[in-house]
Structures are given as structure tokens and as C-alpha cells.
Amino acid sequence: MRQTVPSITEMKKKKQKITMLTAYDFSFAPILDAAGIDIILVGDSMANVVLGMESTTEISLDEMVMHSRAVVRGTERAMVVGDMPYCSCQVDPELALPAARRFTEEAGCQAVKIEWFENTIAVTGRIVQSGIPVMGHIGFTPQTADKLGGIVQGKDIETARRLVEQAKAFEEAGCFSIVLECVPWQIAEVITGILGIPTIGIGAGAGCDGQVLVLNDMLGLFKRFKPKFVKIFADIYGASLDGIRSYIDEVKNGTFPSEEERFSMKADEFEKFRNSL
Ligand code: KIV
């Protein structure tokens, strides 16, 4: 049985921490599912960590939907949330509802996530009213990073109050949860206490109702930079490097493939073949 909006909401009420990670494909999604993750976000961070783009604003809706579909195929238990890319809502808000429908109907996601921008609340309201659950995202919002003037958001009274207003506005618009990215832990705690819906923090301290990290960061796969809030839980980069180096060595010295990894033709059949040449 998949996690649902009611089951995630219930976790906040029972003070059970919500776990969320990103995933982008059929290789990792089943591992997250088997480990018991509650929510998988097919984040537009895929632009950076999978596709090597400089900005998340470069990724297309087609790319996001294709990868979301692969994640849904690889999961049975986790709720899968598709991240609405910049082009699907900020360029023309009229495109947002059809885009959200592609995530649920074509990819099979259970919800979508929307970053804060000037028309967020109108867009969120429309999507929620159509029956699609929405997760909000405030604080550091990479799609509008150029307008934010820094990474950590809400460090003074005015900007902290703005975050509280944004969080409340998302809740009033019908969001079932909200991501708080790069927010002082004290402000994240206040917002978590005010809202009835769960907060999921990334760089927002331990007081949120749940936590999210980018999978490729926490597995040590993304080497371009390491944000302060990232903890590396496994060195998959190192393990992959060792494995690939062993493969290269064994191919070069002739120990791979061995008899174990080859196919044979019956000796008499091979003899006949040889004679036929
Ligand atoms: O795209 C993403 O991975 C995200 C998370 C950092 C919350 O939005």
C-alpha cells in the first residue's frame, strides 16, 4: 500500500518523522522503496545532478515526466511527488494545471511540488481544486535563485515574517505539506508549530516534521559542490570507482570474461561448423 496524503498527514499528528529523498530513475527508486522511504521526490535537481545542467530552470516538462514515470514503475510503497519545473508554471501560469495532470495521469505520481513564485498561490489553488495534491516549497527556491540574494532565507525579522506568511498562504491554498529549504532552524520550528500540515526540511534543522535530501548528494555521487546541510551517508562514488577500475584491469589482463561468463556451443556442433568453412 502506497503512502497517501492522509497517511502522511497522520504522521505529523502522531509526531512520527517523515522521510523523503529524491530519485530520478528505475535504478534507485526500488532501493528507496525497499528501504522504507515515505516520499520520493522526482526533483528538478535532476537538471544539476543527473543531466549536468547549470540551473534547474533548464529542465523540460517532458524530461521530468519521463523520469517520474520510471520512478513510479520502480515503487510500490512510497508516495511519488513530481516537481513542477520552471517552464511548466513560471513562464506561463496557464500551463501549470495541464502540466500537473501530466505528472499524475501520464507518470502516475500521487502529487506535485511547486516552488514559491509570484503567482504560486493562484496556480496552487487551481491544481488543488482539480484534485491533485500539492506540496509547497519556500525558503531557498532554486528556480528563482537570482531574485533571492543569498542561500539562507529568513535571517532577519522582515524576511522571517515573509516566510511565515508564505507558509500560511500555501496551507490556505490547500497544500498537504511544505518544503522549507535553507531556513534558520528557529524559524523552521516556528513555522512547523504554526502549520497544521507537515513541514519537510532541507537545511532547516531537526525541528521540521520530516527531512529531505538530494539522493546524489547523500550518496556522494554529486561532486560539483557540497552544501553545508548535506551529510554523506554512503560513498557510492567511491564504490563505483573501485568497481569500474577492477573491470578495466580485468579486461586489460584477460581475466574477464572467464568461463563463468561465456556461452558454449556443443563440441560436435562446433566441429561440424569448423568443417563447413
Ligand atoms: O529539486 C529538488 O531536489 C528539490 C529538493 C531540494 C527539495 O526541490
Side-chain angles (χ1 to χ4, degrees), residues 8 17-25 28-29 32 37-61 63-68 70-71 78-90 99-100 103 107 109 111-117 120 124 133-145 148 151-154 163 166-167 170 175-183 188 191-192 197-205 208-219 221-222 224-233:
I8 295 293
K17 291 283 185 186
I18 300 161
T19 58
M20 173 160 128
L21 281 171
T22 67
Y24 316 98
D25 60 32
F28 279 105
L32 273 65
I37 203 84
D38 297 311
I39 306 176
I40 297 181
L41 171 68
V42 187
D44 64 356
S45 51
M46 178 166 71
N48 309 119
V49 301
V50 175
L51 302 178
M53 296 166 174
E54 288 298 327
S55 164
T56 58
T57 57
E58 293 171 53
I59 202 161
S60 70
L61 179 61
E63 286 162 329
M64 290 299 302
V65 170
M66 182 176 78
H67 283 262
S68 300
V71 169
M79 168 187 274
V80 181
V81 179
D83 206 3
M84 296 277 287
Y86 179 82
C87 63
S88 72
C89 47
Q90 300 210 31
F103 278 107
C109 292
V112 296
K113 177 171 83 58
I114 297 186
E115 289 185 16
W116 185 270
F117 69 102
T120 310
T124 300
V134 176
M135 175 182 279
H137 181 162
I138 62 168
F140 183 71
T141 43
Q143 293 176 6
T144 45
L148 296 177
I151 303 290
V152 184
Q153 303 298 305
L163 285 179
Q166 291 175 351
F170 259 142
C175 284
F176 75 98
S177 63
I178 183 171
V179 168
L180 306 180
E181 179 165 355
C182 295
V183 172
I191 293 173
T192 302
I197 56 172
T199 58
I200 318 271
I202 174 164
C208 297
D209 298 304
Q211 296 293 325
V212 57
L213 282 176
V214 168
L215 184 70
N216 297 45
D217 286 340
M218 57 89 76
L219 295 182
L221 282 167
F222 186 62
R224 223 182 247 170
F225 62 90
K226 179 187 162 306
K228 173 178 159 60
F229 56 78
V230 169
K231 177 172 171 183
I232 296 177
F233 284 83

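All values below come from the heavy atoms of this structure, side chains included, with hydrogens, waters and symmetry mates left out. One-based numbering, in listed order, for ligands and for the atoms of each. Just so we're clear, the structure is a prediction, and the values are computed from it rather than from any experiment.
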- Message: Counting only nitrogen or oxygen atoms and a 3.5 angstrom limit, does S45 reach ligand 1?
- Response: yes
- In the protein, which heavy atom is nearest to atom 6 (C) of ligand 1, and how far is it? I202 CD1, 3.6 Å
- Message: Can you confirm whether D83 sits close enough to V42 that some side-chain heavy atom of one is under 4.5 Å from a side-chain heavy atom of the other?
- Response: no
- Item | ligand 1 versus T56: contacting region, heavy-atom distance under 4.0 Å | neither
- Message: Under a 4.0 angstrom heavy-atom cut-off, which atoms of ligand 1 come close to T22?
- Response: 3 (O)
- One finds that the ligand 1 atoms under 4.0 Å from a non-hydrogen atom of G43 are 1 (O), 2 (C), 3 (O)
- Query: Backbone, side chain, both or neither: what part of D44 comes under 4.0 angstrom of ligand 1, heavy atoms only?
  - Reply: both
- Query: Distance only, no hydrogens: is a donor on one side chain within 3.5 Å (strictly under) of an acceptor on the other, for E58 and S55?
  - Reply: no
- Item | Any N or O of K113 closer than 3.5 Å to N or O of ligand 1 | yes
- Going by distance only, is there an N or O of E115 that falls short of 3.5 Å from an N or O of ligand 1? no
- Query: When rounded to the nearest 0.5 angstrom, what distance separates CG in L61 from CE in M84?
  - Reply: 7.5 Å
- Check each atom of ligand 1 against the heavy atoms of V214 and keep those under 4.0 Å away; list them by number with element. 3 (O)
- A student checking ligand 1 against L41 at a 4.0 Å heavy-atom cut-off should list atoms 2 (C), 4 (C), 5 (C), 7 (C), 8 (O)
- Message: Between L21 and F28, is the side chain to side chain contact (heavy atoms under 4.5 Å, CB included) condition met? List the steps.
- Response: CA-CA 11 Å; L21 281 171; F28 279 105; over 6 Å; no
- Message: Would K231 and F233 count as a cation-pi pair here, with the cationic atom under 6.0 angstrom from the ring centre and within 45° of the axis?
- Response: yes
- Message: Just verifying a value: how many Å separate Q153 CD and L180 CG, rounded to the nearest 0.5 Å?
- Response: 12.0 Å
- Distance-only donor-acceptor check, side chains T144 and Y86, under 3.5 Å: no
- Note on the structure: I114 and F170 have their tightest heavy-atom pair at O-CZ, 3.6 Å
- Could you list which atoms of ligand 1 come closer than 4.0 Å to a heavy atom of H137? 8 (O)
